Amino acid sequence: MSPRPIPDHGTTARAYGSRGYRERCTCQPCRDAGNRHGKQLRVNRELGRSPFTPPDRARAHLQMVHQTMTWLELTEVTGFPISNLIRIYNGQRKKIRKETEATILAIKAPAQGGPGQCIDATGTMRRVRALSHVGHSYDTIAKAAQTSRNRILLIANGRQATVRRAVAERLAAAYHQLAFAPPPRNKHTNRSRNEARAKGWDGPLAWDDNIDDPKAQPEQDAPYQPVAENGRDSLRMAEIEHLYLLGESPESIAKQLDGNEKYVRDLIGAVVRRRAARAEQERAAARAQHTAEAYSEQLLATA
């Protein structure tokens, strides 16, 4: 990042110059600024004043505002390089200039709910693992979510307790796009699927709308028992749902049932819609019960 822009004349920065970037300015306003700065340094030295201060206050403030702001946003606000801010944040600076402290303490954190806010990563981790379960590679997920592969790896392996709200929203959109879309047919598909199953990760059908709830548990199914070959669509749908919950891919289900892969994917889509409708009915019933209880309490309070 290039240095911050400075006025044309009358500054110590131009008076002293910058090796390899800016020559010393010999105009009278810049010379006067340099002389004033040198005199102030001599006075401070005689009086025992230090231009530096411990970084504790700046570090604490950085840690607070970093909960709702990204490093790029902090860089834009302060004008400091990201590397300098990170060193202060991690306690790698023993002292900083008082001007630097004042600039950092002047940062005003935005309200909660912004794109830079840190939120719980449980739902995001489950989405990445579910996409890996059905065969999507980390590269495919990263491209759909407009983030890096390393970020996806950290989230999938549970090494990030929180994520930025913007990242979580992009991964949620990628999840809706890829969860029931066929993964590319290449070596990465089987590798991702096998790795996810070896680690015990759950697929999309193991979660309803509770995927973001840290207390929610994935839906588990009993061992597979095949139905008759001439089974009806309703039985086939239950069988396909059962196999999908056990972690089988649509291609594998189609081979086991000796059926058409498109037919299997259509039934899986119907299963997903049915489960979503059932979850919505349960939420509506819970809301109605809560409203009725609140009304009863109000009647008892006014009686």
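Remember, it's a predicted structure, so these values are computed and weren't measured experimentally.
The heavy-atom pair separating Pro204 from Ala179 by the smallest distance is CG-O, 4.0 Å. Closest of all the heavy-atom pairs between Thr124 and Ala168 is OG1-CB, 3.6 Å. The two residues Gly203 and Ala130 make their nearest non-hydrogen contact at C-CB, 3.8 Å. Heavy atoms only, all atoms of each residue included: Lys94 and Pro55 are closest at O-CD, 3.3 Å. Minimum heavy-atom separation, Arg151 to Gln160: NH1-OE1, 2.6 Å. Minimum interatomic distance between Ile88 and Arg93 (heavy atoms only, all atoms of both residues): CG1-CG, 4.1 Å.
Of the possible donor and acceptor atoms, one in the side chain of Asp213 sits under 3.5 Å from a partner among the backbone N and O of Lys215. The closest donor-acceptor contact from the side chain of Glu73 to the backbone of Thr70 lies under 3.5 Å.
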- So Thr103 and Thr100, side-chain hydrogen bond (donor to acceptor under 3.5 Å, both in side chains) or not? Walk me through it. CA-CA 5 Å; Thr103 302; Thr100 302; over 6 Å; no
- Intermediate values then yes/no, salt bridge (charged side-chain N to carboxylate O under 4.0 Å, His left out), Arg197 and Asp202: CA-CA 8 Å; Arg197 292 176 185 177; Asp202 299 291; over 6 Å; no
- Message: Pair Leu85, Thr78 - check side-chain contact (heavy atoms from CB on, under 4.5 Å), show working.
- Response: CA-CA 9 Å; Leu85 293 174; Thr78 61; 3.9 Å; yes
- Message: Using the rule given for side-chain contact (heavy atoms from CB on, under 4.5 Å), can you reason through Lys39 versus Asn35, listing the C-alpha separation, both sets of side-chain angles and the distance that settles it, and then say yes or no?
- Response: CA-CA 6 Å; Lys39 181 179 180 179; Asn35 291 336; over 6 Å; no
- Task: Begin from the C-alpha positions of Arg164 and Cys118 and carry the test side-chain contact (heavy atoms from CB on, under 4.5 Å) through to its verdict.
- Result: CA-CA 5 Å; Arg164 298 291 177 183; Cys118 290; 3.4 Å; yes
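Grouping the Ile, Leu, Val, Met, Phe, Trp and Tyr side chains by contacts below 4.5 angstrom, directly or via other members, places Leu105 apart from Ile107. Hydrophobic clustering of Ile, Leu, Val, Met, Phe, Trp and Tyr side chains at less than 4.5 Å, counting indirect connections, unites Phe80 with Leu72.
Residues satisfying the salt bridge (charged side-chain N to carboxylate O under 4.0 Å, His left out) criterion with Arg287, sequence neighbours excluded, are Glu280. In this structure, Asn90 has no side chain to side chain donor-acceptor pair (under 3.5 Å) partners at least two apart in sequence or on a different chain. In this structure Arg149 satisfies the side chain to side chain donor-acceptor pair (under 3.5 Å) test together with Asp139, sequence neighbours excluded.
Side-chain contact check for Pro214 versus Asp120: some heavy-atom pair is nearer than 4.5 Å. A heavy-atom distance below 4.5 Å is not found between the side chains of Thr122 and Asp212. The shortest distance between side-chain heavy atoms of Lys95 and Pro54 does not fall below 4.5 Å.
Interatomic distance, Met64 CE to Met69 CE, rounded to the nearest 0.5 Å: 10.5 Å. The distance from the CD atom of Glu101 to the OG1 atom of Thr53 is 4.5 Å, given to the nearest 0.5 Å.
Cluster partners of Leu131, by chain and number: Ile119, Met125, Val128, Tyr138, Ile141, Ile152, Leu153, Ile155, Val163, Val167, Leu171, Tyr175, Leu178, Trp201, Trp207, Ile211. The rule joins Ile, Leu, Val, Met, Phe, Trp and Tyr whenever side-chain heavy atoms lie under 4.5 Å apart.
Legend: ring pair (Phe, Tyr, Trp, His ring centres under 6.0 Å) pairs involving residues 57-78, not counting sequence neighbours, sorted by first then second residue: His66-Trp71, His66-Tyr89, Trp71-Tyr89. Sorted by first and then second residue, the pairs that involve residues 29-57 and meet ring pair (Phe, Tyr, Trp, His ring centres under 6.0 Å), not counting sequence neighbours, are Tyr16-His37.
For Gln28, the CD atom sits in a packed shell: over 12 heavy atoms of surrounding residues, nucleotides or ligands are nearer than 6.0 Å.
Between Lys199 and Glu195, at least one side-chain N (NZ, or NE/NH1/NH2) sits under 4.0 Å from a carboxylate O, which counts as a salt bridge.
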